[in-house]
Amino acid sequence: MRIRLIGEKGRQVFSQNLKITRLGKLGRIEEAIHVFSQLTLKNVVSYNSMISAYCKNGRISDARRLFDEMPQRNLVSWNSMIAGYLHNDKVLEASELFDKMPKRDLFSWALMITCYTRNGELEKARKLFDLLPDKRDTVCWNAMIAGYVKNMCFDDAKKLFGEMPVKNLVSWNSMLAGYTKNAEMHLGLQFFEEMEKRDVVSWNLMVDGFVEVGDLDSAWQFFKQIPNPNVFSWVTMLCGFARNGKIVEARRLFDQMPHRNAVSWNAMIAAYVQNHHYDEANRLFMDMPERDSVSWTTMISGYVRVGKIGEARGYLNRMPFKNIAAQTAMISGYVQNKRMDEASQLFSQIGIRDVVCWNTMIAGYAQCGRMDDALRLFRQMVYKDLVSWNTMIVGYAQVGQMDEALKIFEEMGERNIISWNSLITGFLQNGLYLDALKSFVLMQKEGKKPDQSTFACGLSACANLAALQVGKQFHHLIAKSGYVNDLFVSNALITMYAKSGRVFDAELLFKDINHADVVSWNSLIGGFALNGYGQEAVKLFEEMLINGVVPDLVTFVGVLSACCHAGLVDCGLELFKSMNEVYSVEPLVEHYACIVDLLCRAGRLEEAFNMVRGMKIRANAGIWGALLGASRVHQNLELGRHAAEKLLELEPHKTSNYVLLSHMHAEVGSWEEVESVRVSMKKSRAEKQPGCSWIELKNQIHVFLSDNQLQPRTTEVCNTLTALTAHMRNPGDLSEFKSLLKVFY
DNA sequence: CTAGGGTTAG
């Protein structure tokens with residue numbers, strides 16, 4: 001079959017069909033619809049083009065309507081429709097159509113295999129693959145291999161790759177992508193060198209891999225060696241520079257590019273936006289020959305990221321063909337600024353809403369703590385994806401409703417790693433450390449492998465429980481999993497050891513980190529402070545400055561409390577002063593608490609009090625408590641009374657405050673005052689908070705509540721403690737000491 | 001098989 005020229009009319013249809021395809025690719029779907037509707041003579045290709053245009057713009061139901069309406073369908077119509085379902089994650093519909101097809105070509109088979117593997121349904125894909133007539137070609141093999149690679153089943157991919165009768169470059173590149181997309185550049189390089197033939201895609205994969213792992217030098221070395229770099233190569237390298245703040249280098253590449261398409265322009269605009277050069281971004285945006293929806297969306301989301309909502313809205317208003325990505329970016333901007341009314345208004349203006357924009361709205365309500373509204377929307381959604389469910393879990397966790405979060409979690413049919421991590425993070429945020437650890441075990445029972453984030457959460461739970469033994473088990477698991485070099489994990493490990501009293505083990509780990517960030521330094525500095533090594537903490541702080549790491553608010557909490565513990569008054573005061581003057585960070589109430597405590601311990605009560613009076617923010621209970629305690633020790637009744645008054649305003653129900661004040665009065669013999677304190681305590685109905693503590697023994701956490709019989713073996717524990725106390729006065733017999741401890745095992 | 005934009009965990 002050849003295209004026959006059938007006169008003027010036929011040529012017109014031909015060119016209009018091309019136009020529809022082009023407009024569809026550019027995201028200008030409304031124009032495409034217009035062109036299509038103006039066509040008096042429509043052939044199969046016109047319909048196929050329009051179906052593709054709809055599919056590329058997420059209007060999958062419109063595509064299907066057209067598919068059902070069209071007078072006759074050819075193989076391309078069927079394949080286009082399946083491809084549309086594939087790109088819109090509608091596997092069920094795709095497979096339904098695939099089964100109904102009157103005729104299939106190899107393209108259809110490969111499409112359907114890809115469809116299943118995209119959805120993680122490897123078994124189904126494999127079944128199709130095995131069913132395939134013996135004429136199955138390299139394309140199908142490649143689809144199956146790529147499927148295995150993308151689902152992290154690299155061993156299966158390797159096996160199939162070995163069995164392949166005829167391998168082409170695509171097969172080799174798919175395998176190479178398995179290494180480069182998983183940050184395994186050592187093995188990737190080895191594989192790359194073993195390849196007998198390489199094309200530009202192989203080179204691009206290497207450049208992209210190096211960019212992903214942050215090795216910009218190697219990326220650049222490889223880029224320079226590419227025999228015939230294509231637009232992909234240039235854009236990949238450009239993005240690598242942009243992501244590392246090397247905007248000048250990025251621009252040089254852009255200027256040197258032999259061919260530029262819309263993607264090149266958009267990448268350069270994104271580079272400027274990411275590095276906050278808005279004027280340049282805007283200039284480029286104006287200069288570019290044909291702006292597509294991505295160009296607009298890049299500008300809008302760039303402004304949204306830095307909170308310039310007005311500018312973002314200006315761009316959206318000027319956008320001729322507002323697509324859903326741009327509108328969602330704008331909604332996200334309103335959401336981040338808690339402007340839910342405007343978000344909701346824009347949301348209601350969108351004709352056909354997809355999952356992402358629903359999810360954005362739900363996240364918005366969740367971030368405002370409006371979980372009722374979030375739930376209302378969530379229940380209205382017809383098609384929910386994993387993000388929708390996960391967003392609800394996060395939302396409930398953030399307002400402290402872990403019971404509701406758990407309900408959502410249990411209602412989910414299918415969960416991914418983020419679902420589990422969100423739940424575990426929720427438990428952490430709400431102080432339910434034991435539940436966090438329990439979930440860690442449960443997720444593995446469900447066959448989900450913990451990732452670096454899960455491990456970091458688990459370690460954080462251990463750190464808060466000072467559960468050293470469990471923490472050490474985590475350490476072993478992490479060593480085996482290969483996540484030891486992840487910075488999040490390393491930092492969590494340091495915190496875990498430091499908070500469990502093993503600050504020198506933490507120090508050893510710290511020294512092994514290649515590129516310590518501010519969190520790593522903070523963890524160790526805080527760890528030294530916590531364990532009473534004030535001098536070491538200050539020394540480490542100085543080392544941090546020498547290494548060019550800029551301290552943040554958390555650093556100062558650590559180093560100031562270290563000064564406090566070590567009695568380094570002048571050092572502490574100087575550091576406190578430097579916060580504002582050198583690092584231009586405004587001290588928080590925590591920092592004031594450290595410094596007030598520091599002055600109080602040094603007996604410099606007046607200075608401490610002056611400091612509190614000069615504060616721009618409201619003092620908290622910790623500060624007044626420190627002042628009250630110091631006043632008592634130094635017998636400054638007047639200051640003590642003032643501090644107590646403030647403290648009781650903040651914590652009217654805390655008994656210890658009344659006790660402290662009444663002790664003070666008693667010490668100077670003001671018995672009437674003692675009585676009046678007692679009366680006001682009764683009035684405020686202050687009750688003693690039950691004390692709570694826990695200890696980890698043999699992988700079990702034992703919780704003690706002074707007021708509570710929930711711990712099943714409280715009596716046993718108390719008896720043991722009594723016996724232990726007796727032995728402490730009379731040391732020597734260690735054997736009995738050991739047997740006593742066995743009670744807990 | 002490779003490049004650019006909108007939603008969820010750390």
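Chain letters run A, B, ... following the sequence lines, proteins first and then strands; every chain starts at 1.
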Inset, instruction - Among dG6(B), dT8(B), dG10(B), find the nucleotide with the atom closest to the side chain of Val394(A). - result: dT8(B)
Inset, instruction - Round to a whole Å and report the spacing from CD of Gln398(A) to P of dT8(B). - result: 11 Å
Legend entry - Listed nucleotide nearest any side-chain atom of Thr360(A), set dT7(B), dA3(B), dC1(B): dT7(B)
Legend entry - CZ/Phe107(A): more than 12 non-hydrogen atoms of other groups inside 6.0 Å: no
Legend entry - Distance flag, aromatic centroids of Phe192(A) and Phe222(A), threshold under 6.0 Å: yes
Legend entry - Nearest-neighbour nucleotide for the Val387(A) side chain, dT7(B), dG5(B), dA9(B) considered: dT7(B)
Inset, instruction - For DNA chain B, find the residues of residues 203-213 of chain A with a heavy-atom distance under 4.0 Å and give them by number; none if there aren't any. - result: Asn204(A), Leu205(A)
Legend entry - Ala363(A) side chain, from C-beta outward: closest of dG6(B), dA9(B), dT8(B): dT8(B)
Inset, instruction - Please state whether the base of dG5(B) and the side chain of Asp292(A) form at least one donor-acceptor pair under 3.5 Å? - result: no
Inset, instruction - Heavy atoms only: give me the nearest Leu386(A)-Glu414(A) pair and the separation to one decimal. - result: CD2-O, 3.2 Å
Legend entry - Nucleotide dG6(B), atom P - distance to CG of Asn359(A) in whole Å: 15 Å
Inset, instruction - Look at all strands and tell whether Ile417(A) reaches a base, only sugar-phosphate, or nothing, counting heavy atoms closer than 4.0 Å. - result: nothing
Inset, instruction - Looking at every strand, decide which applies to Thr297(A) at a 4.0 Å heavy-atom threshold: base, sugar-phosphate, or nothing. - result: base
Legend entry - Length of the line joining Trp389(A):CH2 and dT8(B):C1', which is rounded to integer Å: 14 Å
Legend entry - Heavy atoms of other groups near Lys384(A) NZ, more than 12 under 6.0 Å: yes
Inset, instruction - Look at all strands and tell whether Asn261(A) reaches a base, only sugar-phosphate, or nothing, counting heavy atoms closer than 4.0 Å. - result: base
Inset, instruction - Please report, rounded to the nearest Å, how far the C1' atom of dA3(B) is from the CG atom of Asp199(A). - result: 15 Å
Legend entry - side-chain N/O Lys167(A) vs dC1(B) OP1/OP2, d < 4.0 Å: no
Inset, instruction - With heavy atoms under 4.0 Å as the rule, sort Asn142(A) into base, sugar-phosphate or nothing. - result: nothing
Legend entry - Thr425(A) side-chain proximity, nearest of dA9(B), dA3(B), dT7(B): dA9(B)
Legend entry - No-hydrogen, no-angle side-chain donor-acceptor test under 3.5 Å, Trp265(A) and Glu290(A): no
Inset, instruction - Assign the ring pair Trp172(A) / Phe191(A) to parallel, tilted or perpendicular, where the plane angle (0 to 90°) is split at 30° and 60°. - result: tilted
Inset, instruction - Grab the CZ-P distance between Arg243(A) and dG5(B) for me, whole Å please. - result: 9 Å
Inset, instruction - Ignoring backbone atoms, establish whether Gln429(A) has a side-chain N or O less than 4.0 Å from OP1 or OP2 of dA9(B). - result: no
Inset, instruction - Look only at the side chain of Lys338(A) and the backbone of Val335(A), and say whether a donor-acceptor pair between them is shorter than 3.5 Å. - result: no
Legend entry - Residues touching DNA chain B, which here means a heavy atom under 4.0 Å, drawn from residues 300-314 of chain A: Ser301(A), Arg305(A)
Legend entry - Among dA3(B), dT2(B), dT7(B), the one nearest Lys150(A) by side-chain distance: dT2(B)
Inset, instruction - Classify the side chain of Asn230(A) and the base of dA3(B) as holding, or not holding, a donor-acceptor pair under 3.5 Å. - result: no
Inset, instruction - For dT7(B), take OP1 and OP2 only and decide whether either is under 4.0 Å from a side-chain N or O of Lys384(A). - result: no
Legend entry - Separation of dG10(B) P from Met496(A) CE (nearest whole Å): 20 Å
Inset, instruction - For Lys322(A), answer base if it contacts any base atom (sugar-phosphate contacts may also be present), sugar-phosphate if it contacts only those atoms, and nothing otherwise; contact means non-hydrogen atoms under 4.0 Å. - result: nothing
Legend entry - Parallel, tilted or perpendicular: rings of Phe474(A) and Phe440(A) (30°, 60°): perpendicular
Inset, instruction - Take the protein atom CD of Gln452(A) and the nucleotide atom P of dG10(B), then report the distance between them rounded to whole Å. - result: 13 Å
Inset, instruction - With Arg251(A) as the cation and Phe254(A) as the aromatic partner, state whether NZ or CZ is under 6.0 Å from the six-membered ring centre and within 45° of the axis. - result: no
Inset, instruction - Can you tell me which residue pairs pass the side chain to side chain donor-acceptor pair (under 3.5 Å) test with a partner in residues 232-244 of chain A, sequence neighbours excluded? - result: Asn204(A)-Ser233(A), Glu212(A)-Arg243(A), Asn230(A)-Ser233(A)
Legend entry - Aromatic contact, Trp141(A) with Phe129(A) (centres under 6.0 Å): yes
Inset, instruction - For Val201(A), report the nucleic acid contact type (base, sugar-phosphate, nothing); a contact means any heavy atom under 4.0 Å. - result: base
Inset, instruction - Assess whether one donor atom and one acceptor atom, taken from the side chain of Thr298(A) and the base of dG5(B), lie less than 3.5 Å apart. - result: no
Inset, instruction - Quickly work out the Asp354(A) CG to dG5(B) C1' distance and round it to whole Å. - result: 13 Å
Inset, instruction - Just compare dA9(B), dG5(B), dA3(B) and give me whichever is closest to any side-chain atom of Asn323(A). - result: dG5(B)
